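This report concerns only the one structure given below.
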Amino acid sequence: MSVFFPEEEVRSVYDFPFESLTARGIRGIVFDIDNTLVPPDAPVDARCRALIQRLKTAGFRMCLVSNNKAARILPFATAVNLPYVERALKPRRYGYRKAMARMGTAPAETIAIGDQLFTDIWGANRAGMHSLLVQPMESREEIQIRLKRLLERPVLALYRRKKGAEK
Ligand SMILES: [Mg+2]
């Protein structure tokens, strides 16, 4: 089960103290888009733009990695001026490796952030990266994602119980 566990969990990327990553030697960030940075299929908004700008100023390398197609990713990536990997086949390692090549970072220096255990987090773990799980921004989702959420539930419960026991 622990292959699906994130290193940490936070409600939203907009609550996360990214600046603390630097002290941990992390300088590359792989972002999922839908339900992580913005609601599914939503364009870049002011809050997202401000976050990306702040992280660029702080010196982070970033790459957008999504299983969605270029028609979705390209306008988004253009709006925030970031490199991207479309059709990343998460949880395969392919997209994460491509992202690290773009950013020039090693797995130990890279964190992947996403809302899905069986794609974003499992993939990050397989790629040997740090991982951060966020809660999905919107519950209105496609049927196959809703099914995955049902399967995620017991795994999340295990993870949270383990986390709770560590504290
Ligand atoms: Mg997502």
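On a predicted model such as this, the values are computed, not experimentally measured, just so you know. Both ligands and their constituent atoms are indexed starting at 1 by order of listing.
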Practice problem: Would you check, one step at a time, whether the test side-chain contact (heavy atoms from CB on, under 4.5 Å) holds for Val44 with Val38? | Solution: CA-CA 7 Å; Val44 172; Val38 293; 5.7 Å; no
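In this structure a side-chain-to-backbone donor-acceptor pair under 3.5 Å is present from Asp34 to Asp41.
Between Glu86 and Arg72 there is no salt bridge, since no side-chain N of the basic residue sits under 4.0 Å from a carboxylate O of the acidic one.
The salt bridge (charged side-chain N to carboxylate O under 4.0 Å, His left out) test applied to Arg27 returns Glu109, not counting sequence neighbours. Residues passing the salt bridge (charged side-chain N to carboxylate O under 4.0 Å, His left out) test with Arg11 are Asp15, sequence neighbours excluded. Not counting sequence neighbours, Arg153 has no partner by the side-chain hydrogen bond (donor to acceptor under 3.5 Å, both in side chains) test.
Distances under 2.8 Å from the Mg ion (ligand 1) pick out the protein N/O/S atoms Asp32 OD2, Asp34 O, Asp115 OD1.
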